[in-house]
Amino acid sequence: MFYDTTSNSHGLPHDPFKAIVSPRPIGWIGTRSAEGALNLAPYSFFNAISDRPKLVMFSSSGYKDSVRNIEATGDFTASFASRDLAAAINKTSIPAPHGESEFDIAGLTPVDGALVGAPFVGEAYAALECRMTEMFQPKDLDGALSDNYVVIGQVVGIHIREDAIRDGRFDMATVKPLARLGYMDYCDGGDVFQMTRPTR
């Protein structure tokens, strides 16, 4: 089958776009408002985009608390989303009123960053402390602004639990990274295999 995305006439019960672009890592974004309120939300439009410097990005559909807080403070964290915390991650996706802490809703422990003014999830296997470098609304082909907000942050600190390290590596079989597929589907990355890049 083929369909153009202007009409989006795919004829299927649900739009398959996000199912095709999968699996997507989940950015579990922790922020603190200018007034001190804690916020925690999962974003499936999330990834690392550079190693030197270490940069990550996430995209929010609409101007949500995470974006508002980062715009005000410049700080955020990205806690590692793992299979064992899937239920808690899902709870933090609730549309809570502004100022109500999703840490409390999900029964999670907020831990203050060592270098940034945002909290991360104490139960997470790892967490990235980030400072915003850019925030913008992407444009379409006609130059019209999307209602999404893209946040790019430089990683200034990294937390890793000791039980996540095996043979000197952050062990995927232990941490089982949670990823978003399409629809309401998820998977974990605990089933690991290796391939070596070809050389000429």
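Numbers here are sequence positions counted from 1.
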>> Please say yes or no: joined through hydrophobic side-chain contacts below 4.5 Å, possibly via intermediate residues, are Phe103 and Ile89 part of one cluster?
In response: yes
> Applying the 4.5 Å side-chain criterion to the ILVMFWY set and letting contacts propagate, would Ile165 and Val192 be lumped into a single cluster?
Replying inline: yes
>> I'd like to know whether CZ of Arg68 has more than 12 heavy-atom contacts from other residues, nucleotides or ligands below 6.0 angstrom.
In response: yes
> Does CZ in Phe17 sit with more than 12 non-hydrogen atoms of other residues, nucleotides or ligands closer than 6.0 Å?
Replying inline: no
> Any chance the side chains of Ser59 and Asn148 put a donor and an acceptor closer than 3.5 Å?
Replying inline: yes
>> For a quick test of reading the model, state the closest non-hydrogen atom pair linking Gly189 to Met172 and the distance between them.
In response: O-CB, 3.9 Å
> Any idea which heavy atoms bring Gly99 and Asp65 closest together, and the distance?
Replying inline: N-OD2, 4.2 Å
> Among Trp28, Phe58, Phe76, which residue meets the ring pair (Phe, Tyr, Trp, His ring centres under 6.0 Å) test with Tyr43?
Replying inline: Phe58
> Is the CE atom of Met195 crowded by more than 12 outside heavy atoms at less than 6.0 Å?
Replying inline: no
>> Quick one, His10 and Met1 - any side-chain contact, counting heavy atoms below 4.5 Å?
In response: yes
>> Determine whether Thr92 and Ile105 satisfy the following criterion, side chain to side chain contact (heavy atoms under 4.5 Å, CB included), listing intermediate values before the conclusion.
In response: CA-CA 7 Å; Thr92 63; Ile105 291 171; over 6 Å; no
>> Let me check something: do Ile49 and Val150 share a hydrophobic cluster, defined by ILVMFWY side-chain heavy atoms less than 4.5 Å apart, either directly or through other members?
In response: yes
> If only atom types and distance count, is the side chain of Glu102 paired as donor or acceptor with the main-chain N or O of Ala41 below 3.5 Å?
Replying inline: no
>> Regarding Asp15 and Lys18, does a basic nitrogen lie under 4.0 Å from an acidic carboxylate oxygen?
In response: no
> In the single-linkage hydrophobic clustering (I, L, V, M, F, W, Y; side-chain heavy atoms under 4.5 Å), do Phe45 and Val67 co-cluster?
Replying inline: no
> Is a salt bridge present between Arg32 and Asp112, judged by a nitrogen-to-oxygen distance below 4.0 Å?
Replying inline: yes
>> Is any side-chain heavy atom of Val121 closer than 4.5 Å to one of Thr109?
In response: no
> Do the non-hydrogen side-chain atoms of Asp104 and Leu38 ever get within less than 4.5 Å of each other?
Replying inline: no
> Going through the checks in order, is the side-chain hydrogen bond (donor to acceptor under 3.5 Å, both in side chains) test met by Asn8 and Thr5?
Replying inline: CA-CA 4 Å; Asn8 216 37; Thr5 57; 5.8 Å; no
>> Contact between Val156 and Val116 at the side-chain level, heavy atoms closer than 4.5 Å - yes or no?
In response: yes
> Taking the side chain as C-beta and beyond, is there a heavy-atom pair between Ser66 and Asn39 under 4.5 Å?
Replying inline: yes
> Counting N and O atoms only, with roles assigned by atom type, does the side chain of Thr133 sit under 3.5 Å from a partner on the main chain of Ile152, one being a donor and the other an acceptor?
Replying inline: yes
> Is there side-chain contact between Arg180 and Pro23, with at least one heavy-atom pair below 4.5 Å?
Replying inline: no
>> If hydrophobic clusters are built by linking Ile, Leu, Val, Met, Phe, Trp and Tyr wherever their side-chain heavy atoms come under 4.5 Å apart, do Met135 and Ile29 end up in the same one?
In response: yes
>> When you compare the side chains of Thr73 and Asp75, does any donor N or O come within less than 3.5 Å of an acceptor on the partner?
In response: no
> Between Val155 and Cys130, is a side chain to side chain contact (heavy atoms under 4.5 Å, CB included) present by the stated rule, with each step listed?
Replying inline: CA-CA 4 Å; Val155 179; Cys130 309; 4.1 Å; yes
>> Would Glu71 and Tyr63 count as a side-chain hydrogen bond (donor to acceptor under 3.5 Å, both in side chains) here? Give the steps.
In response: CA-CA 10 Å; Glu71 190 170 49; Tyr63 191 75; 2.3 Å; yes
>> Ignoring hydrogens, what is the shortest heavy-atom contact between Tyr183 and Ala19? Give both atom names and the distance.
In response: CE1-CB, 3.8 Å
> Does Arg166 come within less than 4.0 Å of Asp171, counting only side-chain N to carboxylate O?
Replying inline: yes
> Are any of the side-chain heavy atoms of Asp84 and Tyr125 separated by less than 4.5 Å?
Replying inline: yes
> For the rings on Phe170 and Phe80, is their centre-to-centre separation under 6.0 Å?
Replying inline: yes
> Would you say Asp191 has more than 12 foreign heavy atoms packed within less than 6.0 Å of its CG?
Replying inline: no
> Is the backbone N or O of Leu115 less than 3.5 Å from a side-chain atom of Glu129, with the two atoms forming a donor-acceptor pair by type?
Replying inline: yes
> Do Leu178 and Ser82 come close enough that some side-chain heavy atom pair is under 4.5 Å?
Replying inline: no
>> Let's go through Val56 and Asn47 carefully: what are the C-alpha distance in whole Å and the side-chain angles of both, what is the deciding distance for side chain to side chain contact (heavy atoms under 4.5 Å, CB included) to 0.1 Å, and is it a yes or a no?
In response: CA-CA 6 Å; Val56 295; Asn47 221 314; over 6 Å; no
>> Taking Lys54's backbone N and O only, do any of them form a donor-acceptor pair with Ser50's side chain (distance below 3.5 Å, no angle check)?
In response: no
> Which pair of non-hydrogen atoms, one from Ser61 and one from Lys64, has the smallest distance, and what is that distance?
Replying inline: O-CE, 3.0 Å
> Passes side chain to side chain contact (heavy atoms under 4.5 Å, CB included), Leu85 versus Glu123? Steps please.
Replying inline: CA-CA 8 Å; Leu85 294 175; Glu123 290 80 2; 4.2 Å; yes
